[in-house]
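Below, chain A is the first sequence line, B the second, and so on; all start at residue 1. Heavy-atom basis, side chains included; hydrogens, waters and symmetry copies ignored.
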2 protein chains.
Amino acid sequence: MCGRMHDNHCHDRPLQRCGCSGSRIERFIEPCLLLLLLEKPAHGYDLMERLKEFGFDGENQDPGVVYRNLRRLEDEGMVRSEWDTSGPGPARRLYEVTSEGKELLRAWVEVIRQNIATLKSFSERYDALGDLQ
Amino acid sequence: MCGRMHDNHCHDRPLQRCGCSGSRIERFIEPCLLLLLLEKPAHGYDLMERLKEFGFDGENQDPGVVYRNLRRLEDEGMVRSEWDTSGPGPARRLYEVTSEGKELLRAWVEVIRQNIATLKSFSERYDALGDLQ
DNA sequence: GATTCTATATGCATTAGACATATAGATGAT
DNA sequence: ATCATCTATATGTCTAATGCATATAGAATC
């Protein structure tokens, strides 16, 4: 999502206002990781690529954010991992979702649907302003 | 929105995970304030009440967050205010939206619509999991 | 005049995340 | 072989947003 505001949105506001902070859904990366891993177990480097499909800022996806989230999810028992030394290149940690993680994703989906409703209602309320816009 | 996860979502996760941090849209209060003020100029205490209409946690709406956001918006020229000593009770600051603020709201609405699309696509992708859910 | 209500404001701590950097094994080039 | 590059994971630091607690002060009420 990142949802970094485009330059033409920034007007004269201080630059830091444009740094992705205008639209991010907090911790949205968490359900994205869980969904991707449910679709197909994977390692972090791979997930970094696949996250782009959810609208996260493509060019510079931050590895720090991805790995720290995976670690936290593992600490909380939402995913589990094991080292995978097969295949070329350095060893990678293969993650899969636990049943607790599935439940968490289910909860997230409820919240996300609630958010869709809230945002739609906001959008309609804006349209209702008519001339005031 | 707050979107505080209900208790039944929390399972065994540490409590702090339930503190509204699972679903908040970052800075969503900003476009809400702008929209409310466009509908009708108002003071902070009044806005605190009206914010509930957007799904912000009803019971304990935080005055600190509201007033600080209003101040920041004013520093940035998105709203302007003047003291209003008419009416009963202590003096209140009456806010109204500037033309810059209108533009910012327009930008926010674009971002919000993009977010709706992203969340919908996530929700559909989750449904497509089928048995894996 | 003491308490309560309305209204605004500040202090402190936590958290997510942006950005930079570190580590290390594997692969490829000269 | 050794040096650079690529793949993959990991940590350090700083800032912005905000939850929670508390402060201030004038008005209204008892």
Side-chain angles (χ1 to χ4, degrees), chain A residues 1-5 13-33 42-51 56-57 59-75 81-95, chain B residues 1-4 13-33 42-51 56-57 59-76 81-95:
Chain A
M1 167 113 356
C2 166
R4 174 167 284 147
M5 281 179 165
R13 313 192 90 198
L15 260 174
Q16 75 265 24
R17 299 301 303 280
C18 298
C20 281
S21 63
S23 66
R24 206 188 309 104
I25 290 150
E26 202 175 35
R27 287 163 78 62
F28 183 55
I29 196 177
E30 179 173 294
C32 289
L33 290 172
H43 56 281
Y45 202 77
D46 184 31
L47 290 166
M48 262 168 52
E49 273 303 305
R50 292 166 66 203
L51 277 171
F56 284 91
D57 195 7
E59 300 106 47
N60 48 344
Q61 181 60 41
D62 187 351
V65 172
V66 173
Y67 287 112
R68 262 193 279 248
N69 271 279
L70 286 170
R71 275 297 192 82
R72 186 173 40 71
L73 285 169
E74 185 160 30
D75 288 345
S81 74
E82 49 185 24
W83 285 104
D84 173 20
T85 50
S86 78
R92 58 197 72 178
R93 233 181 234 284
L94 247 196
Y95 286 93
Chain B
M1 167 118 355
C2 166
R4 174 166 283 148
R13 312 194 91 197
L15 260 175
Q16 76 265 23
R17 297 302 303 279
C18 297
C20 283
S21 63
S23 66
R24 206 188 310 104
I25 291 152
E26 203 175 33
R27 288 162 77 62
F28 183 54
I29 197 177
E30 179 173 295
C32 290
L33 290 172
H43 57 280
Y45 201 78
D46 184 31
L47 290 167
M48 262 168 53
E49 273 303 306
R50 292 166 67 201
L51 276 171
F56 284 92
D57 196 5
E59 302 104 49
N60 48 345
Q61 183 60 43
D62 186 352
V65 172
V66 173
Y67 288 113
R68 263 193 280 247
N69 271 280
L70 287 171
R71 275 298 191 83
R72 186 173 41 70
L73 284 169
E74 185 159 30
D75 288 344
E76 293 169 357
S81 75
E82 48 185 24
W83 286 105
D84 172 20
T85 50
S86 77
R92 57 197 71 178
R93 232 181 235 283
L94 249 196
Y95 287 92

Specify the residue among B:G87 and B:I29 whose closest nucleotide of DNA chain D lies further upstream toward the 5′ end. B:I29

Donor-acceptor list for residues 84-93 of chain A side chains, cut-off 3.5 Å, not counting sequence neighbours:
from: A:D84; atom 1: OD1; to: A:S86; atom 2: N; distance (Å): 3.0
from: A:D84; atom 1: OD1; to: A:S86; atom 2: OG; distance (Å): 2.8
from: A:R92; atom 1: NH2; to: A:P88; atom 2: O; distance (Å): 2.8
from: A:R93; atom 1: NH1; to: A:S81; atom 2: OG; distance (Å): 3.2

Using whole Å, what does the distance between atom P of nucleotide D:dT18 and atom CG of B:L70 come to? 13 Å

Would you give a per-nucleotide map of nucleotides 1-12 of chain C, 5' to 3', where B means the base has a protein non-hydrogen atom under 4.0 Å away, S means only the sugar-phosphate does, and - means neither? -----BBBBBB-

Over how many whole Å does the gap from B:D75 atom CG to D:dA16 atom P extend? 14 Å

Considering residues at least two apart in sequence or located in another chain, which fulfil the side-chain contact (heavy atoms from CB on, under 4.5 Å) criterion with B:P63? B:M48, B:Y67

With B:E49, which residues qualify under salt bridge (charged side-chain N to carboxylate O under 4.0 Å, His left out), at least two apart? B:K52

CZ of A:F28 to CG of A:L51, rounded to nearest 0.5 Å, is 9.5 Å

Length of the line joining B:E76:CD and D:dA17:C1', which is rounded to integer Å: 13 Å

Could you measure the distance from the CG atom of B:L70 to the CD atom of B:E30? Nearest 0.5 Å is fine. 10.5 Å

Rounded to the nearest Å, what distance is computed from the CD1 atom of residue B:I25 to the P atom of nucleotide C:dG17? 14 Å

Nucleotide D:dG26, atom C1' - distance to CG of B:D84 in whole Å: 14 Å

Closest non-hydrogen atom pair, B:L94 against B:H43: CD2-N, 3.8 Å

